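Taking it in order: structure first as structure tokens, then the write-up.
The structure displayed is predicted, hence computed values, not measured ones. By convention in this document, chain letters (A, B, ...) are assigned in the order of the sequence lines, proteins followed by strands, and residues within each chain are numbered from 1. We use all heavy atoms of the structure for the numbers below, so side chains are in, but hydrogens, waters and symmetry mates are not.
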2 protein chains.
Amino acid sequence: MDEAGNTVVRRPRVQKNVTRAIAADICADIFSAGDFLPTENDLCDRYGVSRTVIRESLKILESKGLVRGRSRVGTVVCRKDEWNILDQQVLEWIGPRIFEFDLLNCILEARRAIEPAAAELAAERATVQEIADVERAWLEMRDAEGDIERFTKADVAFHTSLLKASHNQVFLQLSSIIQVALEFSLHASNEVVDRRDEAVDIHRQLVEALRMRDTAAARNCSLQLLSLAARDLAVAVKKHQPQASS
Amino acid sequence: MDEAGNTVVRRPRVQKNVTRAIAADICADIFSAGDFLPTENDLCDRYGVSRTVIRESLKILESKGLVRGRSRVGTVVCRKDEWNILDQQVLEWIGPRIFEFDLLNCILEARRAIEPAAAELAAERATVQEIADVERAWLEMRDAEGDIERFTKADVAFHTSLLKASHNQVFLQLSSIIQVALEFSLHASNEVVDRRDEAVDIHRQLVEALRMRDTAAARNCSLQLLSLAARDLAVAVKKHQPQASS
DNA sequence: GATATTTCAATCATCATACAAAAGCAATTG
DNA sequence: CAATTGCTTTTGTATGATGATTGAAATATC
């Protein structure tokens with residue numbers, strides 16, 4: 001931060017940081033939807049970089065739907081429902097503010113539609129190698145014990161591998177939102193260890209279903225996992241909205 | 001095209017065109033996955049614009065996963081499975097080459113997972129206004145008669161409105177891929193008019209289901225539409241791969 | 001006074017140039 | 001032969017200038 005309270009970045013490899021900084025300020029509603037961003041020159045002063053960097057950052061933000069540059073008029077901030085929320089980078093920029101977006105519920109609904117279908121396809125089409133990848137992720141989950149970082153990472157790897165094994169490019173692209181969902185839900189339910197043991201076991205059954213090419217079982221396991229995820233999400237949301245207690 | 005056979009663009013509002021041109025050349029495998037792009041200065045010559053424009057174009061392409069810039073080394077073209085294929089712009093760049101991507105099948109599978117779920121949610125949550133929007137699109141489909149452009153546009157509007165009515169941001173974002181699927185499938189099955197009448201009728205039933213808040217009927221209608229879409233897709237693929245006849 | 005036209009300032013879009021920093025390669029040297 | 005050093009290439013950043021276009025203010029016209 002500089003004396004004006006703005007996020008300032010250092011010189012050498014500054015592009016990514018500036019982009020992130022502007023995105024963060026947009027997420028923080030310092031620049032609200034519908035507003036015009038300051039002029040390019042003002043943004044230069046604000047973030048302490050040249051117009052080159054500012055313009056390239058704006059181009060990136062524009063390509064992801066956060067802003068829209070109107071020729072010779074200015075750059076307006078887009079409404080949040082215009083953002084490419086399926087984009088990994090956008091999700092990273094949003095970060096913990098995802099709780100303000102009512103996104104986690106949408107993601108859970110989407111997972112309910114997508115993951116059981118992907119599990120079925122994976123049971124049909126997964127190669128031996130891909131099943132092994134899924135199982136390795138499961139082993140990592142099982143051995144993570146109390147290490148929640150490690151567990152989350154393994155869980156993400158499990159679901160990503162599963163989507164990969166579905167051999168469907170669209171499903172695979174959606175791993176970014178599932179990753180986000182897992183990261184924010186699991187951190188919330190870290191104290192409930194029993195539940196995690198249950199989850200590990202269902203994951204194991206899912207690997208088994210892949211081996212057996214049992215599409216119905218695979219779908220069923222996926223649905224069970226999503227029921228657990230729903231409970232975890234409820235906990236996570238309650239934690240992040242303590243003002244909503246009656 | 002200039003004397004060297006490269007796509008050249010004129011000066012005034014050149015950014016979008018250059019980006020599209022580079023993307024097109026990548027899609028056409030003029031720059032293949034794993035290859036390094038020419039240096040920025042060479043790209044300037046190739047496309048006849050300044051480095052500013054080239055760099056901003058590369059930034060956009062990078063933000064969508066088509067290329068990856070390695071500092072002080074060069075820009076490499078990414079594998080196609082790294083591209084953000086859920087991005088509207090990327091899909092536009094791919095254009096008719098989508099048949100080479102094995103994407104339409106993936107999209108159909110994804111639609112089977114997503115649209116019935118979205119239809120259910122829409123039946124629960126659509127506002128009166130949103131149902132009216134869906135119906136307006138249906139009317140437009142019905143009145144399109146032989147005008148296939150108009151029919152396609154209305155069909156896209158119908159499905160987009162439906163996703164909007166599901167009040168799920170994730171589903172709504174996926175309207176881009178559904179749009180692409182509709183555009184390429186419908187143009188292929190334009191001679192089969194009976195089938196289109198059948199489709200119009202099922203669309204009508206879906207509107208009715210929304211009115212009645214009948215989630216099961218909505219899901220069922222959606223599934224029926226996807227069966228039709230599957231048949232249309234088969235026709236479209238056969239048309240675009242005439243060499244695959246045994 | 002209201003409306004249409006013109007002018008003008010603001011701002012983005014592009015260009016050209018310069019320099020810094022770093023990665024890769026080659027030459028040099030122990 | 002290996003390790004260091006230095007050079008070249010290429011990207012990253014900065015800066016200033018010019019063109020083009022939009023929106024609004026100023027002016028002219030009715």
Which residues satisfy the ring pair (Phe, Tyr, Trp, His ring centres under 6.0 Å) test with A/H203, sequence neighbours excluded? A/F158, A/H159
Atom pair distance, as rounded to whole Å: CZ in B/F36 and C1' in D/dT11: 12 Å
Quickly work out the B/Q15 CD to D/dG19 P distance and round it to whole Å. 20 Å
If you draw a 6.0 Å radius around CZ in A/R125, do more than 12 non-hydrogen atoms from other residues or ligands fall strictly inside? yes
Atom pair distance, as rounded to whole Å: CD in A/E40 and C1' in D/dT13: 15 Å
Considering residues at least two apart in sequence or located in another chain, which fulfil the ring pair (Phe, Tyr, Trp, His ring centres under 6.0 Å) criterion with B/F101? B/W83
Taking the side chain as C-beta and beyond, is there a heavy-atom pair between A/I22 and A/V18 under 4.5 Å? yes
Could you give the CG-to-P distance, from B/L58 to D/dT13, as a whole number of Å? 14 Å
State whether the number of non-hydrogen atoms from other residues, nucleotides or ligands found under 6.0 Å of B/K153 atom NZ is greater than 12. no
Using whole Å, what does the distance between atom C1' of nucleotide D/dA14 and atom CZ of B/R51 come to? 11 Å
Map A/S50 and B/T75 onto DNA chain D by nearest heavy atom, then report which one ends up closer to the 5' terminus. B/T75
Polar-atom pairs under 3.5 Å, protein N or O versus N or O of nucleotides 22-24 of chain D: list them with distances, or write none.
from, atom 1, to, atom 2, distance (Å)
D/dG23, OP1, A/R70, NH2, 2.5

A/Y47 has an atom OH; how far is it from atom P of D/dT13, in whole Å? 16 Å
With DNA chain C as reference, determine whether A/T52 or A/K59 sits nearer its 5' end, using the nearest nucleotide of each. A/K59
Quick one: B/R68 CZ to D/dT11 P, roughly how many Å, whole number? 16 Å
If you define the side chain from C-beta out and look only at heavy atoms, does anything of B/R46 sit under 4.5 Å from B/D25? yes
Between C/dA13 atom P and B/R55 atom CZ, what is the distance in whole Å? 17 Å
